[in-house]
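As the structure lists them, so they are numbered: ligands from 1, and atoms in each ligand from 1. As a basis for the values below, the full set of heavy atoms in this structure was taken, side chains included, without hydrogen atoms, waters or symmetry mates.
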Amino acid sequence: MREKVTGARRWVVKIGSALLTGDGRGLDRAAMSVWVEQLAALRASGAELVLVSSGAVAAGMSRLGWTERPKTTHDMQAAAAIGQMGLVQAWESSFQQHGLSTAQVLLTHDDLSDRKRYLNARSTLRALLDLNVIPVINENDTVVTDEIRFGDNDTLGALVTNLVEADLLVILTDRDGLYTADPRNNPQAQLVSEAMADDSSLDVMAGGSAGALGRGGMQTKLRAARLAARSGAATVIVGGRIERVVSRLHQGEELGTLLLPERGMLAARKQWLAGHLQTRGRLLLDDGAVKALATGRHSLLPVGVTAVEGGFRRGEMVVCIAPDGREVARGLVNYAAQDAARIAGKPTESIARILGYIDDPELVHKDNLVLI
Ligand SMILES: Nc1ncnc2c1ncn2[C@@H]1O[C@H](COP(=O)(O)OP(=O)(O)O)[C@@H](O)[C@H]1O
Ligand SMILES: N[C@@H](CCC(=O)OP(=O)(O)O)C(=O)O
């Protein structure tokens with residue numbers, strides 16, 4: 001029994017090109033509807049789900065009647081733009097059969113390394129999950145060149161896992177999992193059932209290259225598992241063609257390769273925050289706010305802030321100062337300095353009226369706070 005899988009509340013499921021397009025023969029709608037049935041059951045059981053779907057280039061190629069991956073980047077981008085239409089249509093109509101709606105989200109790696117866009121993407125995805133909609137994410141291939149040439153959606157899957165603070169990343173691929181060597185040229189290779197994501201002996205095993213349609217191979221899947229582990233998430237690399245694969249994983253069956261994080265989710269996040277040394281401003285708190293933060297259970301609300309110093313932007317690190325001048329916490333702030341100053345001391349209900357918009361009800365969310 002794998003508790004890390006059965007106990008996961010928020011899943012990111014990534015499906016690669018080779019699987020989705022039945023090895024290049026256009027979108028495999030039958031396979032898609034089989035996964036959707038299981039994903040819908042997973043959702044119905046109460047777990048939240050984000051789908052990361054590759055396959056735009058491969059689907060576009062098949063619509064255009066191309067049999068080889070185009071040589072130029074712009075042709076590849078054109079194929080992706082064409083294929084993305086069919087891809088999201090297929091997901092949407094399949095999920096609709098189970099009464100679920102989907103939402104298309106196209107992201108680039110740059111979006112996720114920019115703090116402001118990162119927070120914006122996170123708020124949107126959280127809102128979609130609250131609305132019980134399944135986000136279907138792919139790379140925004142129109143605006144990237146490096147990623148479309150060298151990148152891969154395994155990394156995107158991991159970044160999304162960090163972004164939505166999922167506890168599990170499931171990478172469905174065309175092999176049953178990570179083998180001790182590339183099974184294409186090593187018939188003796190054995191399936192690795194479980195390992196720590198940071199185990200360096202895995203690097204040699206994942207050394208082989210990708211299949212004809214995918215690009216990352218096992219290396220990018222391993223790297224994705226390590227990236228996901230940074231926010232405390234576990235990863236399963238598993239065969240997407242295995243019968244009832246998602247349902248069986250959910251029931252605890254030991255399929256594929258489970259790669260475990262060293263630390264739990266919150267501990268990993270707090271450690272990341274603690275190591276984030278550059279602070280951009282200060283929030284001066286009243287006694288009530290200091291007491292609330294000290295419990296470790298509360299976020300910092302604007303009402304407990306008496307003054308704002310510095311020129312920080314949304315998503316940057318600020319220091320929280322008690323009335324006696326002590327530094328009590330650090331955290332990622334949800335509003336830029338100017339707006340934070342306008343809502344300081346005011347009740348949460350008045351944020352929208354004062355600013356004309358509301359991003360988050362709290363100034364610093366408790367998950368983004370480290371107490372000192
Ligand atoms: N140690 C390994 N274990 C399993 N597969 C491996 C290994 N090394 C390389 N591979 C290759 O990686 C391929 C899967 O990666 P890729 O083609 O990028 O798939 P996807 O489109 O699902 O991302 C497999 O078909 C396999 O040939
Ligand atoms: N974003 C592009 C490329 C993604 C891709 O091929 O990744 P993968 O098959 O998961 O290694 C697409 O949808 O075709």
Notebook entry, point to check: What atoms of ligand 2 come within less than 4.0 Å of a heavy atom belonging to Glu139?
Noted result: 1 (N)
Item checked: Lys14 N/O to ligand 1 N/O under 3.5 Å -> yes
Next item on the list: May I ask you to check whether Ala56 has an N/O atom sitting below 3.5 Å from an N/O atom of ligand 2?
Entry: yes
Check: Between Tyr335 and Ile358, what is the shortest heavy-atom contact and its length?
Finding: OH-CG1, 3.5 Å
Checklist line | Heavy-atom closest contact (Thr21 atom, Ser17 atom, distance) | finding: OG1-O, 2.8 Å
Note to self: So for atom CD, which belongs to Glu254, do other residues, nucleotides or ligands contribute more than 12 heavy atoms lying within a distance under 6.0 Å?
What the structure shows: yes
Item checked: Enumerated ligand 2 atoms positioned under 4.0 Å from heavy atoms of Lys14 -> 8 (P), 10 (O)
Check: Heavy atom under 4.0 Å from ligand 2: found in Leu87's side chain, backbone, both, or neither?
Finding: neither
Checklist line | Close-contact set for ligand 2 against Gly16 heavy atoms, below 4.0 Å | finding: 9 (O), 10 (O)
Item checked: Best match, Asp154, Asp174, Leu191, Asp176: closest heavy atom to atom 25 (O) of ligand 1 -> Asp174
Item checked: Contacting atoms of ligand 1, where contact means under 4.0 angstrom from a heavy atom of Ser17 -> 21 (O)
Notebook entry, point to check: Any heavy atom of Leu19 sitting closer than 4.0 Å to ligand 1?
Noted result: no
Note to self: Show the atoms of ligand 1 that are less than 4.0 angstrom away from any heavy atom in Gly177.
What the structure shows: 3 (N), 4 (C)
Item checked: Enumerated ligand 2 atoms positioned under 4.0 Å from heavy atoms of Asn138 -> 1 (N), 12 (C), 13 (O)
Next item on the list: Just go through Ile171, Asp182, Thr180, Thr173 and tell me whose heavy atom is the nearest to atom 8 (N) of ligand 1.
Entry: Asp182
Margin query: Looking only at distances, can you tell me whether any N or O atom of Asp141, backbone or side chain, sits closer than 3.5 Å to an N or O atom of ligand 2?
Written below: yes
Next item on the list: Just go through Lys221, Met205, Arg175, Arg184 and tell me whose heavy atom is the nearest to atom 20 (P) of ligand 1.
Entry: Lys221
Notebook entry, point to check: If every non-hydrogen atom of Ala189 is compared with every non-hydrogen atom of Pro183, which pair is closest and at what distance?
Noted result: CB-CA, 4.4 Å
Note to self: Any heavy atom of Ser54 closer to ligand 1 than 4.0 angstrom?
What the structure shows: no
Notebook entry, point to check: Between Val57 and ligand 2, does any nitrogen or oxygen pair lie at a separation below 3.5 Å?
Noted result: yes
Notebook entry, point to check: Against heavy atoms of Ser54, which atoms of ligand 2 measure under 4.0 Å?
Noted result: 4 (C), 5 (C), 7 (O), 8 (P), 9 (O), 10 (O), 13 (O)
Margin query: Please check if the number of heavy atoms outside Arg230 that lie under 6.0 Å from its CZ is greater than 12.
Written below: no
Next item on the list: Using salt bridge (charged side-chain N to carboxylate O under 4.0 Å, His left out) as the criterion, point out the one residue from Arg314, Arg122, Arg126 that pairs with Asp360.
Entry: Arg314
Note to self: Just to check, does Gly55 reach to within less than 4.0 Å of ligand 2 when the distance is taken from its heavy atoms?
What the structure shows: yes
Using a 3.5 Å cut-off and no angle test, enumerate the donor-acceptor pairs between side-chain atoms of residues 337-352 and protein atoms at least two apart in sequence or in another chain.
unit_1: Asp339; atom_1: OD2; unit_2: Tyr357; atom_2: OH; d: 2.4
unit_1: Arg342; atom_1: NH2; unit_2: Ile354; atom_2: O; d: 2.8
unit_1: Ser350; atom_1: OG; unit_2: Pro347; atom_2: O; d: 2.6

Next item on the list: Say whether, by atom type as modelled, one donor and one acceptor occur between the side chain of Gln38 and the main chain of Ser247 under 3.5 angstrom.
Entry: yes
Margin query: Tell me the closest heavy-atom pair linking Asp198 and Arg226, and the distance in Å.
Written below: CA-NE, 3.9 Å
Notebook entry, point to check: Considering the options Ile137, Asn153, Val105, Thr155, which one meets the side chain to side chain contact (heavy atoms under 4.5 Å, CB included) requirement together with Val160?
Noted result: Ile137
Margin query: Tell me which one of Thr235, Thr161, Thr173, Asp154 satisfies side chain to side chain donor-acceptor pair (under 3.5 Å) with Lys14.
Written below: Asp154
Next item on the list: Looking only at distances, please establish whether an N/O atom of ligand 2 is found under 3.5 Å from an N/O atom of Arg69.
Entry: no
For residues 84-92, which side-chain donor-acceptor pairs fall under 3.5 Å, sequence neighbours excluded?
unit_1: Gln84; atom_1: OE1; unit_2: Asn138; atom_2: ND2; d: 3.0
unit_1: Gln84; atom_1: NE2; unit_2: Gln104; atom_2: OE1; d: 3.0
unit_1: Trp91; atom_1: NE1; unit_2: Ser53; atom_2: OG; d: 2.9
unit_1: Glu92; atom_1: OE1; unit_2: Thr102; atom_2: N; d: 3.0
unit_1: Glu92; atom_1: OE1; unit_2: Thr102; atom_2: OG1; d: 2.4
unit_1: Glu92; atom_1: OE2; unit_2: Gln96; atom_2: NE2; d: 2.6

